[in-house]
Amino acid sequence: MDTSLLIILIVIFLALAFDFINGFHDTANAIATSVSTRALKPRTAIMMAAVMNFLGAIMFTGVAKTIGGSVADPAKLDNGLEILVATLLSAIIWNLITWWFGIPSSSSHALIGSLAGAVYVGAGSEKLNWSGFKTIIEGLIFSPLLAFGLGFIVMMILKWIFARRSPHTVNKGFRSMQILTAALQSFTHGTNDAQKAMGIITFALVTAGFQDHMEVPLWVKLSAATAMALGTSIGGWKIIKTMGTKIFKIEPINGFASDISAASVIFGATLFHLPVSTTHAITSAILGVGSAKRFSAVRWSMAGRIVIAWVITIPIVFLMAGGIYKLLF
């Protein structure tokens, strides 16, 4: 078998493996609040998330084109396939480490940081599109701030509207509404996160000369969507526990506010073809909602640990991907 063909097959396998791991790593983003408030049974929530992830993944491709072409130009990299192998190994390793410890870190940060690190070491700084990389990083930074603010505002509005209602009646109604928002959150997760693997595979196809454009082939869409849906069906129980119970005690009205805020931010980013962290969006929305409920209700020590994981992810995977490239190639 030709060496380049073997490497591209390895890249496709690793990209789908990343998508699969992303599915169970980030399942908590969509269903943690609905499971913690018992709006949905865990298995029902996971299966619904898997279906909605799949539907979201096959309907959009803008983020895939951004991932595939903004950090580096695949047509100008002679060793692009090797760079992608190092990128995916680094992102997968980091995702598994953070999943094992129940830390809701960002798969997006892991992939973008790894790609930048592998390109920097494997092709040199001149091949790294710093402006495109900067634009992506800005989106990854500002999206959680927007989600926090939106979560705070939505929760304050809901508190004002339902101030005179019985808490039991309010939560009963919002427990049903959470089913819809969990489905919406899962759909938006698919529209953004699944496209990252699509972008990497398309990057590989262009690098290897199998196509000369960044349009995502149908088989890539279906493969990535299926991999993420299968991963989602397994579930990420450790992260679900962190997201749903350890930040603050979530009630149905809080879960609704968190989900609708995060889904709005994620889908807005998808429409602008920007890859954002679904993990950061929902976690920040939960923090914003918790702050609106009562600032002291938020376990800020846990929030601090999560933020530290966010801050260190890109530099760690940048170095890790560069090291893996040096070690293998």
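- Classification of the H109-H280 ring pair by plane angle, with boundaries at 30° and 60°, yields perpendicular.
- At least one side-chain heavy atom of V276 sits under 4.5 Å from a side-chain heavy atom of N192.
- Using a 4.5 Å heavy-atom threshold, the side chains of I161 and R165 count as separate.
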List the steps, then state whether side chain to side chain contact (heavy atoms under 4.5 Å, CB included) holds for L40 with Q178.
CA-CA 8 Å; L40 287 166; Q178 271 195 282; over 6 Å; no
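- With contacts defined as side-chain heavy-atom distances shorter than 4.5 Å, the pair R43/K41 does not qualify.
- Closest of all the heavy-atom pairs between N79 and G122 is ND2-O, 2.7 Å.
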Stepwise side chain to side chain contact (heavy atoms under 4.5 Å, CB included) test for I314 and I112:
CA-CA 8 Å; I314 287 181; I112 297 299; 5.6 Å; no
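- At a threshold of 4.5 Å between non-hydrogen side-chain atoms, the residues S284 and L145 do not count as touching.
- Side-chain contact between E251 and K293: present, with at least one pair of heavy atoms (C-beta onward) separated by less than 4.5 Å.
- Using modelled atom types and a 3.5 Å distance limit, the side chains of S108 and S277 yield no donor-acceptor pair.
- Here I83 contributes atom CD1 and L77 contributes atom CG; the two are 5.0 Å apart, rounded to the nearest 0.5 Å.
- The OG atom of S34 lies 6.0 Å from the CE atom of M48; values are rounded to the nearest 0.5 Å.
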Determine whether N129 and V71 satisfy the following criterion, side chain to side chain contact (heavy atoms under 4.5 Å, CB included), listing intermediate values before the conclusion.
CA-CA 5 Å; N129 182 359; V71 176; 5.8 Å; no
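- Ring geometry, F133 versus W130: the interplanar angle exceeds 60°, so the pair is classed perpendicular (tilted spans 30 to 60°).
- Using a 4.5 Å cut-off on side-chain heavy atoms (C-beta onward), F267 and L184 make no contact.
- Interatomic distance, CG of L319 versus CD1 of I324, reported as 11.0 Å (0.5 Å rounding).
- Checked against a 6.0 Å centroid threshold, the rings of F13 and F18 do not count as neighbours.
- Side-chain heavy atoms closer than 4.5 Å link hydrophobic residues (I, L, V, M, F, W, Y) into clusters, and following such links, even through other members, never connects M228 to F54.
- Taking both residues in full, the closest heavy atoms of H273 and P275 are given as O-CD, 3.8 Å, listed atom of the first, atom of the second, then distance.
- Under the 4.5 Å side-chain contact rule for hydrophobic residues, L128 and L81 share a cluster.
- The minimum heavy-atom distance linking A110 with T313 is given by the pair N-CG2, 3.8 Å.
- With a 6.0 Å radius and a threshold of 12 heavy atoms from other residues, nucleotides or ligands, F329 has its CZ atom above the threshold.
- With hydrogens and angles disregarded, a donor-acceptor distance shorter than 3.5 Å links the side chain of T188 to the backbone of Q185.
- Side-chain atoms of S261 and D259 form no donor-acceptor pair, as typed in the model, at a separation below 3.5 Å.
- In this structure, the side chains of F174 and N254 stay at 4.5 Å or more apart for every pair of heavy atoms.
- Considering CG of L14 and CG of L9, their distance stands at 11.0 Å, rounded to 0.5 Å.
- The closest side-chain heavy-atom distance from V206 to D212 is not below 4.5 Å.
- Checked against side-chain hydrogen bond (donor to acceptor under 3.5 Å, both in side chains), S90 has the following partners two or more places apart in sequence or in another chain: S114.
- In the hydrophobic cluster analysis, where Ile, Leu, Val, Met, Phe, Trp and Tyr join through side-chain heavy atoms closer than 4.5 angstrom, L55 is grouped apart from I46.
- Residue F318 holds its CZ atom at 10.5 Å from OG1 of T87, rounded to the nearest 0.5 Å.
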Evaluate the criterion side chain to side chain contact (heavy atoms under 4.5 Å, CB included) for residue pair L5 and I8; output intermediate values, then yes/no.
CA-CA 5 Å; L5 179 58; I8 197 170; 3.9 Å; yes
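- The neighbour count for Y120 OH, taken as heavy atoms of other residues, nucleotides or ligands under 6.0 Å away, does not exceed 12.
- Distance CG/L115 to NZ/K196: 13.0 Å, rounded to 0.5 Å.
- Residues A257 and L158 come closest through the heavy atom pair CB-CD1, 3.9 Å.
- A donor-acceptor contact closer than 3.5 angstrom is absent between the side chains of S186 and N53.
- Closest approach of I266 and H189 over heavy atoms only: CG2-N, 4.4 Å.
- Crowding of W160 atom CH2: a count of heavy atoms from other residues, nucleotides or ligands under 6.0 Å not exceeding 12.
- Follow the hydrophobic side-chain contacts under 4.5 Å out from W100 and you reach I97 in the same cluster.
- Using a 4.5 Å cut-off between side-chain heavy atoms of Ile, Leu, Val, Met, Phe, Trp and Tyr, with links allowed through other members, F187 and V63 fall into different hydrophobic clusters.
- The minimum heavy-atom distance linking M198 with A224 is given by the pair CG-CB, 3.5 Å.
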